Trainee: 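First the structure, then my questions, so here it is.
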Amino acid sequence: MSPQAALQAKLKERVELSALNTLGVSATARFYIDVTNLDDLRGALAWAQVNGHKTLVLGGGSNLVFAGDFAGLVIRIQMAGRYWEQADETGATLVLGAGENWHHAVLYAASTGYRGIENLALIPGTAGAAPVQNIGAYGVELCDTLVSVTALDRETNERVCLDNAACGFTYRDSLFKRSPGRYIITAIRLRLSRKKPLQLGYRDLEEYLGETLSQELDPLKVAEAVMAIRRRKLPDPDIIPNVGSFFKNPVVAAEQFHELQSAHPSVVGYPQNGTVKLAAAWLIDQSGWKGYRNARVGVHNRQALVLINHSGGTGRDVLELASDIRQSVQKRFGVELEMEPGIVGG
Ligand code: EPU
């Protein structure tokens with residue numbers, strides 16, 4: 001079979017995407033393909049270009065909202081594989097194919113005794129999606145361990161290797177998010193350590209671990225603690241469809257924070273480099289949205305930052321709710337909330 005014929009055989013038409021986005025909203029892809037290697041990825045992109053179709057690259061579907069159907073080609077990245085490089089007495093580099101499940105990779109690294117990503121347990125999605133929004137939780141961000149990203153640069157059609165600095169990471173942001181569509185991540189490299197101190201300072205984690213002595217802990221125990229905390233507070237997307245935090249924590253100037261504090265003494269904020277990162281969950285909670293639900297969608301009752309698709313909600317239902325929340329937070333606190341997931345389709 002010629003490469004073109006092999007590619008054609010993998011292409012599907014009119015594929016329902018509700019099982020492929022963790023918000024569980026219904027949307028149809030006009031064309032769809034699973035890609036497991038670079039040749040198929042290049043072939044799929046060339047096919048879309050020749051036939052004049054837009055493309056959408058999908059990982060675990062855990063950070064996007066389908067506002068409607070997607071009229072072009074959905075390419076689901078399924079590159080598998082994980083292996084170690086440059087192992088020495090201090091650490092080793094874990095290489096992950098972009099399609100690897102992130103949480104499984106965390107458990108694998110932690111159970112092998114390597115430190116660095118254990119606080120990022122149970123974050124839904126794939127390894128290839130992790131750099132896009134620089135995933136973070138419990139005091140750790142992906143950029144703390146990421147060495148490099150291998151990607152296909154669609155401007156040149158060349159494979160590139162971008163080091164940590166080139167990825168331009170900031171809080172929930174990166175080069176990949178700022179130049180949407182340009183890079184398709186195929187693998188990531190993480191430098192993990194055997195010795196680096198465990199990061200136990202985040203309040204929830206500290207409270208959960210209580211009197212446990214840090215010398216009794218190992219990365220797997222920390223990952224298990226994070227899993228227990230997340231299971232208590234955050235809905236499992238397999239049971240209650242959601243995309244995690246729906247908004248970023250807004251960063252405001254110190255003066256604005258002090259003004260907010262005088263009007264609302266319990267406002268939650270974390271100072272950082274002369275600015276203050278506000279807890280969006282607190283703003284939403286105080287605006288009365290926590291636990292709100294209409295017939296189809298709502299706000300989680302244990303973490304106000306998480307929107308939920310309770311029963312057959314569409315992407316538009318979720319986006320309408322998000323817009324109502326933004327307006328009420330703006331009106332009450334004068335703070336603009338920025339959405340974290342991307343909006344696609346429609
Ligand atoms: N709070 C409320 N009401 C709520 C929930 C929280 O008032 O319903 C207040 C509490 O004062 C709490 C504070 O908000 O101390 C912060 O809450 P939390 O520790 O749960 O963290 P977060 O800032 O809401 C961020 C990440 C989460 C990550 C947690 C833990 C963002 C946008 N979200 O949430 O990431 O798990 O910290 O590190 O930065 C995700 O991105 O999908 C995600 C779940």
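In each ligand, atom 1 is the first atom listed, and ligand 1 is the first ligand listed. These values consider heavy atoms only, across backbone and side chains, with no hydrogens, waters or symmetry-generated copies. What you see is a predicted model; the values in this text were computed from it and never measured.
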Trainee: Where do T150 and I188 land on the side-chain contact (heavy atoms from CB on, under 4.5 Å) test, with the steps shown first?
Mentor: CA-CA 6 Å; T150 307; I188 66 172; over 6 Å; no
Trainee: Answer with yes or no whether W289 contacts ligand 1, where contact means a heavy atom under 4.0 Å from a ligand atom.
Mentor: no
Trainee: Hey, what's the ring geometry for W282 with F333, parallel, tilted or perpendicular (30° and 60° as the breaks)?
Mentor: tilted
Trainee: Among all protein heavy atoms, pick out the one at the shortest distance from atom 33 (N) of ligand 1; state its residue, atom name and that distance to 0.1 Å.
Mentor: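 Going by distance alone, atom 33 (N) of ligand 1 is nearest to S245 OG, 3.0 Å.
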Trainee: Could you tell me whether R30 and E13 make a salt bridge, using a distance below 4.0 angstrom between a side-chain N and a carboxylate O?
Mentor: yes
Trainee: Using a strict cut-off of 4.0 Å, indicate which atoms of ligand 1 neighbour a heavy atom of L305.
Mentor: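 In order of number, 24 (O), 32 (C).
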Trainee: Of the listed options (N119, L234, N249), which comes nearest to atom 25 (C) of ligand 1 when hydrogens are ignored and any heavy atom counts?
Mentor: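 The nearest heavy atom belongs to N249.
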Trainee: Would you mind running through ligand 1 and noting each atom that sits below 4.0 Å from a heavy atom of D285?
Mentor: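 Close to D285: 2 (C), 3 (N), 4 (C), 7 (O), 8 (O).
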Trainee: Which of the atoms in ligand 1, numbered in the order shown and given with their element, are less than 4.0 Å from a heavy-atom of A304?
Mentor: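 Result: 4 (C), 8 (O).
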Trainee: Are a donor atom and an acceptor atom from the side chains of E16 and S26 found within less than 3.5 Å of each other?
Mentor: yes
Trainee: Short list, please: which atoms of ligand 1 are under 4.0 Å from a heavy atom of G244?
Mentor: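 Answer for ligand 1: 42 (O).
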Trainee: Between K331 and D324, does a salt bridge (charged side-chain N to carboxylate O under 4.0 Å, His left out) hold up when you go through it step by step?
Mentor: CA-CA 11 Å; K331 197 163 157 213; D324 291 346; over 6 Å; no
Trainee: Which option, K277, E338, Q303, R302, owns the non-hydrogen atom nearest atom 24 (O) of ligand 1?
Mentor: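 Minimum heavy-atom distance to atom 24 (O) of ligand 1 goes to Q303.
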Trainee: For Q133 and ligand 1, answer yes if some heavy atom of the residue is under 4.0 Å from a ligand atom, otherwise no.
Mentor: no
Trainee: Is there a polar contact, in the sense of an N or O pair closer than 3.5 Å, between K233 and ligand 1?
Mentor: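 Not met; the criterion fails.
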Trainee: What I'd like to find out is whether the side chain of T212 reaches to under 4.5 Å of the side chain of L217, using heavy atoms alone.
Mentor: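 In short, these two side chains touch, coming nearer than 4.5 Å.
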Trainee: Just to be sure I'm reading this right: ignoring hydrogens, which of E141, R230, K290, R172 gets closest to atom 4 (C) of ligand 1? Compare them by their nearest heavy atoms.
Mentor: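 Nearest option to atom 4 (C) of ligand 1, by heavy atoms: K290.
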Trainee: For E340, take its heavy atoms, then give the atoms of ligand 1 lying under 4.0 Å from any of them.
Mentor: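 Selected atoms, number and element: 32 (C), 41 (O).
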Trainee: Which heavy atom of the protein is the closest neighbour of atom 38 (O) of ligand 1, given with residue, atom name and distance?
Mentor: Y138 N, 2.6 Å
Trainee: Please determine if K233 and D204 form a salt bridge, counting it only when a charged side-chain N lies under 4.0 Å from a carboxylate O.
Mentor: yes
Trainee: Using a 4.0 Å cutoff against the non-hydrogen atoms of Y270, which atoms of ligand 1 qualify?
Mentor: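 Once the distances to Y270 are compared, the set is 13 (C), 15 (O), 16 (C).
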Trainee: Could you find the nearest protein heavy atom to atom 1 (N) of ligand 1 and give me its residue, atom name and distance?
Mentor: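 Ranking protein heavy atoms by distance from atom 1 (N) of ligand 1, first comes A281 CB, 3.8 Å.
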Trainee: If a pair satisfies side-chain hydrogen bond (donor to acceptor under 3.5 Å, both in side chains) and one of its residues is in residues 37-59, list it, with sequence neighbours excluded.
Mentor: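 Every pair satisfying side-chain hydrogen bond (donor to acceptor under 3.5 Å, both in side chains) with a residue in residues 37-59: K10-D40, T55-R154.
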Trainee: Name the option, out of F247, Y202, W282, that contains the heavy atom nearest to atom 21 (O) of ligand 1.
Mentor: Y202
Trainee: Taking atom CZ as the centre, does R178 end up with more than 12 heavy-atom neighbours from other residues, nucleotides or ligands that are less than 6.0 angstrom away?
Mentor: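 Check passes, neighbour count above 12.
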Trainee: Under 4.0 Å from any heavy atom of R203, which atoms of ligand 1 are there?
Mentor: 15 (O)
Trainee: Looking at ligand 1, would H300 count as a contact under a 4.0 Å heavy-atom criterion?
Mentor: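 Distance cut 4.0 Å: H300 fails for ligand 1.
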Trainee: For residues 234-254, pull every pair meeting salt bridge (charged side-chain N to carboxylate O under 4.0 Å, His left out), keeping only residues two or more places apart or in separate chains.
Mentor: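 Sorted result for residues 234-254: K248-E338.
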Trainee: Would you kindly specify which portion of A279 sits under 4.0 Å from ligand 1, judged on non-hydrogen atoms: side chain, backbone, both or neither?
Mentor: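 For A279, only side-chain atoms sit under 4.0 Å from ligand 1.
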Trainee: Does atom 10 (C) of ligand 1 have a protein non-hydrogen atom under 4.0 Å from it?
Mentor: no
Trainee: Do NZ/NE/NH1/NH2 and the carboxylate oxygens of D88 and R191 come within less than 4.0 Å?
Mentor: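 A salt bridge links D88 with R191.
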Trainee: Using a strict threshold of under 4.0 Å (side-chain N to carboxylate O), is an ion pair present between R203 and E207?
Mentor: yes
Trainee: In ligand 1, which numbered atoms sit nearer than 4.0 Å to a non-hydrogen atom of Y171?
Mentor: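 What qualifies from ligand 1 is 31 (C), 32 (C), 39 (O).
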Trainee: Relative to the ring of Y183, is the ring of F176 parallel (under 30°), tilted (30 to 60°) or perpendicular (over 60°)?
Mentor: perpendicular
